[in-house]
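Note on naming: letters A, B, ... go to the chains in the order of the sequence lines (proteins, then strands), and numbering restarts at 1 for each one.
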Amino acid sequence: MQELAPGPVSKASSQADSIGKLMEKTAPQQFFLGIKDELPILVGVAPFGMIYGILALSAGLNPLDAQAMSAVIFAGSSQFMTVQLIRESTPWLVIIVTGFIINLRHALYSATIAPHLKHLTWRWKTLLSYLLTDEAFAVAILNYQREGVTRFGHWYFFGAGLALWTSWQISTAVGIFLGAQVPAAWGLDFTLPLTFIALVVPALKDKAGIVTALTASLAALLFFGLPYKLGLIAAATLAIAAGVWVEARQ
Amino acid sequence: MSIWIVMIAVGLLTFLTRLSFIALLERIQLPAAFKRALRFVPMAVLSAIIAPEVGYVDNALFLSPQNPRLLAGILAALVAYFTKNVVWTIVIGMAAFWILGILL
């Protein structure tokens, strides 16, 4: 995620920008380019959607609710977490607070991409905000850094976001279908920690990150007995503080 | 019913978080300290979910080589580290979990 922070615009790309102004892409061109650039990412996202669908059923959600969650929340990690906490009969207020904390990172994406959307109507701002996932942000912000704000640049973002949205809905449906065929004895719920391991481990690139993950793990084991699953929030908060502290010391 | 309350609340909060700066640009700026903390949020929350999932069996702490969830989790972490591939991590972790479940 760090690599995606907006860097200084290079000379070359600002020249390309002024050339681009002369022959600006049309709305459909931008839209299909956005879809095209999102496609490689979909290969990695589709298995997550399927695993989510399988897990949601194993947590006791009915197929309709499981599918609806992919449209209403439309955020992978908080959907996984919500399903997990529902399975453990966690009080709903705790689930909502935890989901909110997990999704706080989207405020960072919102702040980063906001200058490029300033000129748009409210309808566009609302639509693009709904589509602002990790994966759509990654593709859209790179395009804005390459091309700057162009007349139809938001169609590129829309194309990328819609491609991701569609594949998320379809892969969820496939997962729900598969989940209905698999007996509970197979223990497919174990794919949840495995999925998270696959996300966390490659992201641990520096000392502060490793300290964060270790603190969170140890604290979560210690606090596991706390009521209302509060151990999760307590461990995460402590770990974030530890990460910030280690980074500040360096 | 309560699933829908949770779903709509988390969905609405997620949407409002995504909309926040797009809607309010130039009126507020993210404090630098807040930005630094945000970077650690995903790994902190996800690690705090993973650890009890592999360290506890039937609601009891079970940090032992007899615990198939723990061993499969460690193996999956190694696969994730060396391959950085989600599908391989899940496939090998799940296979290890089944095989160890039979052996242990």
*Counting heavy-atom pairs under 4.5 Å to chain A, which of B/Thr17, B/Ile92, B/Leu61 comes out on top?*
B/Thr17
*asked:* For chain B, which candidate among A/Ala203, A/Ala239, A/Ala208 shows the most heavy-atom pairs at distances under 4.5 Å?
replied: A/Ala208
_Residue from A/Leu128, A/Leu117, A/Thr126 passing side chain to side chain contact (heavy atoms under 4.5 Å, CB included) with B/Ile22_ = A/Leu117
*Portion of B/Ile49 that has a non-hydrogen atom of chain A nearer than 4.5 angstrom*: both
*asked:* Please report the interatomic distance CG(B/Leu16) to NE2(A/His106), rounded to the nearest 0.5 Å.
replied: 13.0 Å
_So which residue, A/Ser78, A/Ala114, A/Ser129, A/Pro47, ends up with the most heavy-atom pairs under 4.5 Å with chain B?_
A/Ser129
_A/Trp124 CH2: over 12 foreign heavy atoms closer than 6.0 Å_ = yes
*asked:* For a 4.5 angstrom cut-off between non-hydrogen side-chain atoms, does B/Trp4 reach A/Asp65?
replied: yes
*To the nearest 0.5 angstrom, please state how far the CG atom of A/Leu64 sits from the CD1 atom of B/Ile3.*
11.0 Å
*Under the 3.5 angstrom rule, does the side chain of B/Tyr81 hit a backbone N or O of A/Val201 as a donor-acceptor pair?*
no
_Which heavy atom of A/Ala220 sits nearest to which heavy atom of B/Ala48, and what is that distance?_
CB-O, 3.3 Å
_Quick check: closest heavy atoms across A/Glu247 and B/Phe40, and the distance to 0.1 Å?_
OE1-CE1, 3.9 Å
*When only pairs under 4.5 Å are counted, which of B/Gly101, B/Ser47, B/Ala51, B/Gly11 shares the most heavy-atom pairs with chain A?*
B/Ser47
_Within the 4.5 Å heavy-atom criterion, are A/Phe74 and B/Arg18 side-chain neighbours or not?_
yes
_What I'd like to find out is whether the side chain of B/Glu53 reaches to under 4.5 Å of the side chain of A/Phe196, using heavy atoms alone._
no
_Heavy-atom pair with the smallest gap, counting every atom of A/Leu194 and B/Ala72_ = CD2-O, 4.4 Å
*asked:* So B/Met7 and A/Thr82, do their side chains get closer than 4.5 Å, heavy atoms only?
replied: no
*Decide yes or no on side chain to side chain contact (heavy atoms under 4.5 Å, CB included) for B/Phe21 and A/Ile113, but give the supporting numbers first.*
CA-CA 8 Å; B/Phe21 289 92; A/Ile113 213 155; over 6 Å; no
*Taking atom CG of A/Leu199 and atom NZ of B/Lys84, what is their separation to the nearest 0.5 Å?*
13.0 Å
*Option that, when pairs with chain B are counted at under 4.5 Å, heavy atom only, ranks first among A/Ile86, A/Thr195, A/Leu120, A/Leu93*: A/Thr195
*Given the options A/Ile102, A/Leu238, A/Leu214, which has more heavy-atom pairs under 4.5 Å with chain B than any of the others?*
A/Ile102
*Supply the atom-to-atom distance A/Phe48 CZ to B/Ile90 CD1, rounded to the nearest 0.5 angstrom.*
6.0 Å
*Are the side chains of B/Arg39 and A/Arg105 in touch, meaning some heavy atoms are under 4.5 Å apart?*
no
*By a 4.5 Å heavy-atom criterion (distance strictly below it), what part of B/Trp98 contacts chain A: side chain, backbone, both, or neither?*
side chain
*Measure the CD1-CD1 distance between A/Ile95 and B/Ile5 for me, rounded to the nearest 0.5 Å.*
11.0 Å
_Contact winner vs chain B - A/Val244, A/Thr98, A/Leu221, heavy-atom pairs under 4.5 Å_ = A/Leu221
*Which atom pair, heavy atoms only, marks the closest approach of B/Ala37 to A/Ile240?*
O-CG2, 3.8 Å
*B/Thr14 and A/Asn103 side chains, donor-acceptor separation under 3.5 Å*: yes
*Name the member of A/Ser217, A/Ala234, A/Gly99 that forms the most heavy-atom pairs with chain B at distances under 4.5 Å.*
A/Ser217
_Region of B/Val45 that comes under 4.5 Å of a non-hydrogen atom in chain A_ = both
*Under the ring-ring contact (aromatic ring centres under 6.0 Å, His included) criterion, do A/Phe190 and B/Phe97 qualify, and how do the steps go?*
CA-CA 8 Å; A/Phe190 193 61; B/Phe97 175 59; 4.3 Å; yes
*How far does CD1 of A/Ile197 sit from CG of B/Leu78, to the nearest 0.5 angstrom?*
10.0 Å
